[in-house]
Colleague: 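One structure follows; several queries about it will come next.
All values derive from a computational prediction rather than experimental measurement.
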Amino acid sequence: MDEGSEIKSLGEGRYSFWIGRQRYTLSTKLEAARFCRVVDTVRELVDGFPSNLSQDERLVLALMAFSHKLDELGERVDELAGRFGGDKD
């Protein structure tokens, strides 16, 4: 694992990590494994956009892509709930 992909625990829920061209340090109440999955997902999204875009542009696009995927999953859950939830009337 190269240093750029490492998520460093600083203790007490604080982490330092790289996304794109910038290092971020923040605190979270998420469990470590879940936090690392979230960071890895965001990294994959950001890394998928052209490197000639600014860091902010890449982060906004990642946020939009993540929101789109979440919306699709919500629609799918609603569809499955309707199909398997049954109508109690």
Side-chain angles (χ1 to χ4, degrees):
M1 177 182 276
D2 64 53
E3 184 178 329
S5 64
E6 186 177 348
I7 300 171
K8 295 180 183 177
S9 174
L10 305 176
E12 298 182 13
R14 287 182 50 82
Y15 297 90
S16 180
F17 55 94
W18 284 90
I19 292 181
R21 300 179 194 111
Q22 189 165 336
R23 176 176 289 282
Y24 297 90
T25 301
L26 56 85
S27 297
T28 181
K29 292 183 180 185
L30 292 176
E31 68 175 43
R34 178 171 292 193
F35 178 76
C36 290
R37 286 193 305 271
V38 169
V39 170
D40 287 341
T41 298
V42 173
R43 274 188 186 147
E44 287 176 22
L45 289 168
V46 168
D47 290 346
F49 297 116
S51 60
N52 65 329
L53 298 175
S54 72
Q55 178 77 356
D56 286 347
E57 289 170 320
R58 293 168 77 196
L59 288 173
V60 168
L61 288 171
L63 176 62
M64 292 176 73
F66 196 73
S67 294
H68 176 70
K69 187 168 290 267
L70 185 60
D71 188 58
E72 284 181 331
L73 287 171
E75 287 180 357
R76 183 71 176 137
V77 166
D78 289 345
E79 176 186 317
L80 290 171
R83 185 182 312 165
F84 296 109
D87 190 22
K88 297 188 181 205
D89 289 336

Colleague: Mind checking what makes salt bridge (Lys or Arg N to Asp or Glu O under 4.0 Å) contact with Glu79, not counting sequence neighbours?
Modeller: Arg76, Arg83

Colleague: In this structure, would Val42 and Leu30 fall into the same cluster of hydrophobic residues linked by side-chain contacts under 4.5 Å?
Modeller: yes

Colleague: At what distance, to the nearest 0.5 angstrom, does CD of Glu6 lie from NZ of Lys8?
Modeller: 5.0 Å

Colleague: By ring pair (Phe, Tyr, Trp, His ring centres under 6.0 Å), which residues pair with Phe35, not counting sequence neighbours?
Modeller: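 Only Tyr15, Phe17 meet the ring pair (Phe, Tyr, Trp, His ring centres under 6.0 Å) criterion with Phe35.
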
Colleague: Decide whether Ile7 and Leu26 are clustered together by the hydrophobic rule: side chain heavy atoms of Ile, Leu, Val, Met, Phe, Trp, Tyr closer than 4.5 Å, transitively.
Modeller: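 In one cluster: yes.
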
Colleague: Under the side chain to side chain donor-acceptor pair (under 3.5 Å) rule, what pairs show up with a residue in residues 30-40, not counting sequence neighbours?
Modeller: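 As it turns out, the side chain to side chain donor-acceptor pair (under 3.5 Å) pairs with a partner in residues 30-40, which skip direct neighbours, are Asp40-Arg43.
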
Colleague: Not counting sequence neighbours, which residues clear side chain to side chain donor-acceptor pair (under 3.5 Å) with Gln55? List them please.
Modeller: Tyr24

Colleague: What residues, two or more places apart in sequence or in another chain, satisfy side-chain contact (heavy atoms from CB on, under 4.5 Å) together with Leu70?
Modeller: none

Colleague: Which atoms form the tightest heavy-atom contact between Phe49 and Ala65, and what is the distance?
Modeller: CZ-CB, 4.5 Å

Colleague: What heavy-atom pair brings Ser16 and Thr25 nearest, and what distance separates the two atoms?
Modeller: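 Distance-wise, the nearest heavy atoms are OG-OG1, 3.5 Å.
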
Colleague: Please report the interatomic distance CG(Leu59) to CZ(Arg21), rounded to the nearest 0.5 Å.
Modeller: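 If we round to the nearest 0.5 Å, Leu59:CG and Arg21:CZ are 9.5 Å apart.
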
Colleague: Can you check whether Ser54's main-chain N or O pairs, donor with acceptor, with Glu57's side chain at less than 3.5 Å?
Modeller: yes

Colleague: Quick one: are Asp47 and Arg58 in side-chain contact, heavy atoms under 4.5 Å?
Modeller: yes

Colleague: Strictly by ring-ring contact (aromatic ring centres under 6.0 Å, His included), give each pair with a member in residues 51-77 just once, sequence neighbours left out.
Modeller: none

Colleague: Atom CG in Asp56, atom CG in Leu63: separation rounded to 0.5 Å?
Modeller: 12.0 Å

Colleague: In the single-linkage hydrophobic clustering (I, L, V, M, F, W, Y; side-chain heavy atoms under 4.5 Å), do Val38 and Leu10 co-cluster?
Modeller: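 Each belongs to a different hydrophobic cluster.
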
